[in-house]
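Basis for what follows: all heavy atoms, side chains included, without hydrogens, waters or symmetry-related copies. Quick caveat, the model's predicted, so the values are computed rather than measured.
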Amino acid sequence: MPRTDTLLAGPELAGAVERWGRTRVKSAVRAAQQRCRDGALAPESVAESALAALRGPPVSGRAVVNATGVLLHTNLGRATLADEAITALTTAAGPTDVEFDLEAGVRSRRGRGALAALAARVPAAAAVHVVNNNAAALVLTATAVAAGREIIVSRGELVEIGDGFRLPALLESTGARIHEVGTTNRTSAADYRNAVDENTAMILKVHPSNFTMTGFTAAVDVAQLSGLGVPVVVDTGSGLLAPEPALPEEPDAASALAAGAALVLASGDKLLGGPQAGLMLGEQELVRRCARHPLARALRADKLTLAALEATLRAGRTPTSTALHEQADVLRVRAEAIAAQLDGIPVSVAPSQAVIGGGGAPGVPLPSWCVELPERYAQPLRTGADPVVGRVRDDRCVLDLRAIPAADDTRIVAAVRACG
Ligand SMILES: *Cc1c(COP(=O)(O)O)cnc(C)c1O
């Protein structure tokens, strides 16, 4: 077993200490020595293996192919950015004019380009603001508008967003009190009307974006609530700025504002197809109160986010909208072309069903096509050099094409072939 000091001073690792630092190189060497002791590595390969680990692909943050059939998969980072947004990210990696007016040579409003692009897409919004994500938009609104007072919410809309985070707990963390109205399945206009009093700071409407309720149900429209004399805040979740004909049940910012909402909150990385962000659109006074609240500084959007958001809003078309609107027949042709390139592998092509996911259009199936393999392919595909994440159904590894840009079909072919 080569000694650590000898290895660190040797020719193979020359330059490594300078580049990565002594601590990191030493720990890579120790790990390689352990593999050698375990019999998994020849003694003469220890230095080379340590170097490979230092140079190797990142442990996380790796690119994957989303073959799950879930367009906005929260575990896979939700929306894929448009090319324009990716270019904007690269530019924004260095110093930028995010908060500077080049013409006048003075400080300017942070992210004014992104804010202007958002305002241009939703003319009904008198003012807009952008924060870190939609949960931040909710917290900021509740803090600035309702701390120490009451938020009226329908019991049927007190939802859990995911990963154990629940809306009521999030809202109450701000010092606002929740005044529940109605029942799980039915809430009426009278329930809201009777609840409004001098303690009421706002009414919150939350889109049940990750479940559906059918049967004996009733909910109240924004239009019916906007006349009650208190601001109506609408958490649409999904990030549609205008109606989307393909998803008629999904709420959008323009319609909510037209119906009298004082403020609309949404995510940037759901159906809008942009980076993680919290969009706030509405009345001048309300948006200003939120944007000027001290907490706003702790929730502010990063310059990379603002750059990608502006580019997304200006681009219009995103990989998410392309995936949503792609004809099923086109997916079938792609699936057949992939299968045709997998000679000698037990592959088949079948129809499947994709979904929006990530808090959007629950219960709306999107007809799709997939490539099916034996279940034993699922694990090696996930852990390969270019990971492909599919789903397992009835002992089959299902690779659904709807969430995958056509240009990535070659990645699937290569990844399946690499499984041997
Ligand atoms: C997704 C969602 C949220 C949380 O948004 P993030 O951007 O993930 O913080 C909140 N409310 C609704 C209705 C949602 O769909």
Side-chain angles (χ1 to χ4, degrees), residues 57-58 60-90 246 269-276 308 311-312 315-343 345-358 360 366-374 377-393 396-420:
S60 116
R62 294 177 64 188
V64 307
V65 176
N66 175 11
T68 61
V70 180
L71 266 51
L72 302 166
H73 200 302
T74 298
N75 304 154
L76 301 181
R78 292 194 184 151
T80 295
L81 293 181
D83 287 341
E84 293 88 338
I86 294 169
T87 305
L89 277 180
T90 311
D269 55 356
K270 293 184 180 171
L271 286 167
L272 183 68
Q276 178 188 302
T312 302
R317 205 167 175 74
T318 63
T320 302
S321 64
T322 302
L324 172 64
H325 292 112
E326 189 62 281
Q327 296 296 315
D329 284 348
V330 174
L331 301 176
R332 177 184 195 154
V333 171
R334 283 172 51 192
E336 283 165 352
I338 290 171
Q341 292 171 76
L342 295 174
D343 254 6
I345 292 169
V347 59
S348 58
V349 167
S352 63
Q353 269 192 359
V355 293
I356 301 282
L366 304 170
S368 189
W369 283 83
C370 67
V371 173
E372 286 193 346
L373 295 155
Y377 277 82
Q379 212 262 352
L381 278 173
R382 286 199 310 274
T383 53
D386 188 19
V388 175
V389 183
R391 48 176 211 265
V392 172
R393 183 183 69 194
R396 304 286 286 164
C397 168
V398 175
L399 306 179
D400 188 299
L401 294 188
R402 185 167 284 283
I404 304 172
D408 284 350
D409 288 356
T410 53
R411 290 171 68 187
I412 297 184
V413 172
V416 174
R417 281 208 192 122
C419 292

K.L.:
Of all residues at least two apart in sequence or in a different chain, which pass the side-chain contact (heavy atoms from CB on, under 4.5 Å) check with Ile338?
P.N.:
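Here the qualifying residues are Leu342, Val371, Leu401, Asp409, Ile412, Val413.
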
K.L.:
Hey, is the main chain of Pro367 close enough, under 3.5 Å, to the side chain of Arg402 for a donor-acceptor pair?
P.N.:
yes

K.L.:
Could you check whether any side-chain heavy atom of Cys419 comes within less than 4.5 Å of a side-chain heavy atom of Leu381, counting everything from C-beta outward?
P.N.:
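In contact.
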
K.L.:
Do Val398 and Leu373 pass the side chain to side chain contact (heavy atoms under 4.5 Å, CB included) test, and can you show the C-alpha distance, the side-chain angles, and the key distance before you say yes or no?
P.N.:
CA-CA 7 Å; Val398 175; Leu373 295 155; over 6 Å; no

K.L.:
Can you list everything that forms a salt bridge (charged side-chain N to carboxylate O under 4.0 Å, His left out) with Asp83? Sequence neighbours excluded, please.
P.N.:
none

K.L.:
With rounding to the nearest 0.5 angstrom, report the NZ to CD1 distance, Lys270 to Ile356.
P.N.:
12.0 Å

K.L.:
Which pair of heavy atoms, one from Ala67 and one from Val388, lies closest together, and at what distance?
P.N.:
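It is CB-CG1, 4.0 Å.
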
K.L.:
Please table the atom pairs, donor to acceptor, closer than 3.5 Å between any side-chain atom in residues 324-333 and protein atoms at least two apart or in another chain.
P.N.:
{"residue": "His325", "atom": "ND1", "partner": "Ser321", "partner atom": "O", "Å": "2.9"}
{"residue": "His325", "atom": "NE2", "partner": "Glu244", "partner atom": "OE2", "Å": "2.9"}
{"residue": "Arg332", "atom": "NE", "partner": "Glu336", "partner atom": "OE2", "Å": "3.2"}

K.L.:
With sequence neighbours excluded, give me every side chain to side chain donor-acceptor pair (under 3.5 Å) pair touching residues 62-72.
P.N.:
Asn66-Thr68

K.L.:
So do Ile345 and Val416 actually touch side chain to side chain, heavy atoms under 4.5 Å?
P.N.:
yes

K.L.:
Restricting to salt bridge (charged side-chain N to carboxylate O under 4.0 Å, His left out), what partner residues turn up for Arg411, sequence neighbours left out?
P.N.:
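Checked Arg411 against salt bridge (charged side-chain N to carboxylate O under 4.0 Å, His left out); matches are Asp386, Asp408.
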
K.L.:
Check side-chain contact (heavy atoms from CB on, under 4.5 Å) between Ala88 and all other residues, then give those that pass, not counting sequence neighbours.
P.N.:
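If we apply the side-chain contact (heavy atoms from CB on, under 4.5 Å) test to Ala88, skipping adjacent residues, the hits are Ala307, Ala311.
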
K.L.:
Can you check whether Leu72 reaches Thr320 side chain to side chain, under 4.5 Å on heavy atoms?
P.N.:
yes

K.L.:
Please report the C-alpha distance between Val389 and Val65 in whole Å, then the side-chain angles of each, then the deciding distance to 0.1 Å, and finally whether the side chain to side chain contact (heavy atoms under 4.5 Å, CB included) criterion is met.
P.N.:
CA-CA 6 Å; Val389 183; Val65 176; over 6 Å; no

K.L.:
For Ala85 and Ala308, work out which heavy atoms get closest and say how close.
P.N.:
CB-O, 3.7 Å

K.L.:
Under the rule for side-chain contact (heavy atoms from CB on, under 4.5 Å), what residues qualify as partners of Ala315, not counting sequence neighbours?
P.N.:
Glu84

K.L.:
Does the side chain of Thr322 come within less than 4.5 Å of Pro405's, by heavy atoms?
P.N.:
no

K.L.:
Considering non-hydrogen atoms only, spot the tightest contact between Pro351 and Cys370 and give its length.
P.N.:
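Between these two residues, the closest heavy atoms are O-SG, 4.4 Å.
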
K.L.:
Suppose we screen for salt bridge (charged side-chain N to carboxylate O under 4.0 Å, His left out). Which residues come up paired with Arg78, at least two apart in sequence or across chains?
P.N.:
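Counting only residues at least two positions away or on another chain, Arg78 forms a salt bridge (charged side-chain N to carboxylate O under 4.0 Å, His left out) with Asp269.
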
K.L.:
Please report the closest heavy-atom contact between Ala339 and Val349, naming both atoms and the distance.
P.N.:
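Smallest interatomic distance, heavy atoms only, reads CB-CG2, 3.7 Å.
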
K.L.:
If I compare all heavy atoms of Leu81 with all of Pro319, which pair ends up nearest, and what's the gap?
P.N.:
O-CG, 3.5 Å

K.L.:
Could you pull out all residues at least two apart from Ser352 that satisfy side chain to side chain donor-acceptor pair (under 3.5 Å)?
P.N.:
Asp400

K.L.:
For a quick test of reading the model, state the closest non-hydrogen atom pair linking Ala378 to Val392 and the distance between them.
P.N.:
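It is CB-CG2, 3.8 Å.
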
K.L.:
Using salt bridge (charged side-chain N to carboxylate O under 4.0 Å, His left out) as the criterion, list what pairs up with Glu372, not counting sequence neighbours.
P.N.:
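Testing Glu372 for salt bridge (charged side-chain N to carboxylate O under 4.0 Å, His left out), a comparison that skips the adjacent residues, returns Arg393, Arg396.
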
